Participant: 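After the structure tokens below, expect a handful of questions from me.
Letters go in sequence order (proteins before strands), and every chain restarts at 1. All values derive from a computational prediction rather than experimental measurement.
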Amino acid sequence: MFVIQSRDKETRARTGLLRTAHGDIPTPIFMPVGTAGTVKGILQRDLKDDIDAKIILGNTYHLYLRPGTEILKASGGLHRFISWERPILTDSGGYQVFSLTGNRKLTDEGAIFKSHIDGSTHIFTPENTIDIQRIIGADIIMAFDECAPFPSDYRYAKKSLELTHHWLDRAVARFHETEPLWGNEQFLFPIVQGSTFDDLRKISAEKAASVSLAGNAIGGLSVGEPVEEMYRIIEIVNGILPEDKPRYLMGVGTPVNILEAIERGIDMFDCVMPTRNGRNGMLFTNEGIINIRNRKWIDDFSPLDSDGPSVVSLYYSKAYLRHLVISGEILGAQIASIHNLAFYLKLVTEARKRIEGGDFKRWKNQMIRKLSERL
RNA sequence: GGGGAGAUACCAAAGCGGCCAACUGGGGCAGACUGUAAAUCUGCUGGCAAAUGCCUUCGUAGGUUCGAAUCCUGCUCUCCCCA
């Protein structure tokens, strides 16, 4: 269940608390992506004690292929398997079906796809993705959808949306006729699609609202469309999605994207950017974005980020991290990932404070100016 | 002392008469990355104009040829084997 705690006077931004069996999640929130049962390169301990992640993601597609449902079931669910006692959200695998184009075929029944690991053939349906997510036991689970690529023509987007809606009805039915396996309540979120077409997005938002689930998600964005398009779609969709339920913008995004979306009433985010880009040398700092591999940091012994979102941010220097990343040392990827995630978490925590404090808009504009800087 | 192999751009290493400013790898420099098939991928890497162009390079000094990193000669250096 979700309770709204405060609203910004100038914008649609709000703060809230999403209560789950594994703990409360203050919103707005950023959720680190832990696809295969791990936020790549980071110990659960650091995720909890240093980064203070409130909830992390897992992925149905990846966990289903490996370690597989038998092991997940035998281990007592994903929380126990990975030793993470806080909330987890699992994506349904819809995005993988989208990104594995060429290895899959969509039918009315579901998506037939080939494993990227061994080429074996499998099928995901609205029903079995619910079943798998019951086994995984995440606190929040997602309906199986098709994420239409950008650009999509209207005809394709409409057809795809109809399929997603048809699948949604089946997922909801399966969800209601099954029970959690591990004792913790699970929430199912529908996913709004419709590509960049306003009318399709409206229809989809209405459809999502009509199934009356615990929260709602917006998918199919940040797949290559201009950011203005994304912001416009968020405004349209959030004008329709119920106020009293959390809104989750899937896969987004840059710190600037997140602030813009919070302003438009989004409560939840996830993105691989802090970890993947971190591994590749991109650092989000209080001063701006830096590519730590660049020569100019070679003798810069100042801390990674004087604002110190994480312990590692103050403890290690730019010159040292550059050395680690350039050398391909695992520790470099770890430090960058920890710092970036802590930066993201601090960003949404600060946004929450500013919304409560009543100066969100002013703070947001100031932050955006800083975050647009490439150092 | 005798016999053999070789010297190519930052490094390693191809090329063995024109298609060579020179394959490839590393290194270096920069870029990309948005519900993770990503500790991945892309571009550039002699100089200058930076589009088509021009100039200087393949140990060194000469030579042969319309034309040489590639063929010939001298020199310098390196490595290997046998005494």
Participant: For D270(A), report the nucleic acid contact type (base, sugar-phosphate, nothing); a contact means any heavy atom under 4.0 Å.
Facilitator: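 Sugar-phosphate only.
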
Participant: Is there a donor on the side chain of R374(A) or the base of rG31(B) sitting less than 3.5 Å from an acceptor on the other?
Facilitator: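 Not at all, since no donor on one side and acceptor on the other fall under 3.5 Å apart.
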
Participant: Using the P atoms only, state how far rU60(B) lies from rC77(B), rounded to an integer number of Å.
Facilitator: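 Going atom to atom, P in each nucleotide, I get 15 Å.
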
Participant: Hey, are D139(A) and R86(A) close enough for a salt bridge, meaning a charged N less than 4.0 Å from a carboxylate O?
Facilitator: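 Looking at R86(A) together with D139(A), the answer is no, because their closest N to O distance does not fall below 4.0 Å.
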
Participant: Answer with yes or no whether T275(A) presents, from its side chain, a donor or acceptor under 3.5 Å of a partner atom in the base of rU36(B).
Facilitator: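 Result: at least one qualifying N/O pair found.
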
Participant: With heavy atoms under 4.0 Å as the rule, sort G41(A) into base, sugar-phosphate or nothing.
Facilitator: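 The answer is nothing, as G41(A) stays clear of every strand by at least 4.0 Å.
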
Participant: rA13(B) and rA9(B): how far apart are their C1' atoms, nearest whole angstrom?
Facilitator: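 About 12 Å, rounded to a whole number of Å.
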
Participant: For R104(A), which contact category applies under a 4.0 Å heavy-atom criterion: base, sugar-phosphate, or nothing?
Facilitator: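 If one applies the 4.0 Å heavy-atom cut-off, R104(A) turns out to touch nothing in the nucleic acid.
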
Participant: So does D359(A) pair up with R354(A), basic N to acidic O under 4.0 Å?
Facilitator: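 Yes, this pair counts.
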
Participant: Indicate, yes or no, whether a donor-acceptor pair under 3.5 Å links the base of rG35(B) to the side chain of D145(A).
Facilitator: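 Yes.
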
Participant: Within the 4.0 Å heavy-atom criterion, would you say Q193(A) contacts the bases, only the backbone, or no part of the nucleic acid?
Facilitator: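 Q193(A): base contact, heavy atoms under 4.0 Å.
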
Participant: Classify the nucleic acid contact of N257(A) as base, sugar-phosphate or nothing, counting any heavy atom under 4.0 Å across all strands shown.
Facilitator: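 Touches a base.
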
Participant: How far does the P atom of rA50(B) sit from the matching atom of rC71(B), given to the nearest Å?
Facilitator: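 One P to the other, the span is 39 Å.
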
Participant: Find the distance L57(A):CG to rU36(B):C1' and express it as a whole number of Å.
Facilitator: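 Taking CG of L57(A) and C1' of rU36(B), I get 11 Å after rounding.
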
Participant: Name the nucleic acid region contacted by Q96(A), choosing base, sugar-phosphate or nothing; use a 4.0 angstrom heavy-atom cut-off, strictly under.
Facilitator: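 If one applies the 4.0 Å heavy-atom cut-off, Q96(A) turns out to touch the sugar-phosphate alone, with no base involved.
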
Participant: What do the steps show when you test T164(A) against E146(A) for side chain to side chain donor-acceptor pair (under 3.5 Å), and what is the final call?
Facilitator: CA-CA 6 Å; T164(A) 290; E146(A) 189 203 351; 5.4 Å; no

Participant: With a non-hydrogen cut-off below 4.0 angstrom, is R276(A) in contact with a base, only sugar-phosphate, or nothing?
Facilitator: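 Base contact - R276(A) has a heavy atom under 4.0 Å of at least one base atom.
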
Participant: Which part of the nucleic acid, if any, lies within contact of I140(A), taking any heavy atom under 4.0 Å across all strands shown: a base, the sugar-phosphate backbone alone, or nothing?
Facilitator: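 Answer is nothing: I140(A) stays at 4.0 Å or more from every strand.
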
Participant: In whole angstrom, give the distance that lies between atom OH of Y64(A) and atom P of rA37(B).
Facilitator: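 Spelled out: OH on Y64(A) to P on rA37(B) is 17 Å.
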
Participant: Taking only the C1' atom of each, what is the distance from rU57(B) to rG3(B) in whole angstrom?
Facilitator: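 It comes out at 34 Å once rounded to the nearest Å.
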
Participant: I'd like the C1' distance from rA39(B) over to rA49(B), given in whole Å.
Facilitator: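 Rounded to whole Å, the distance is 41 Å.
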
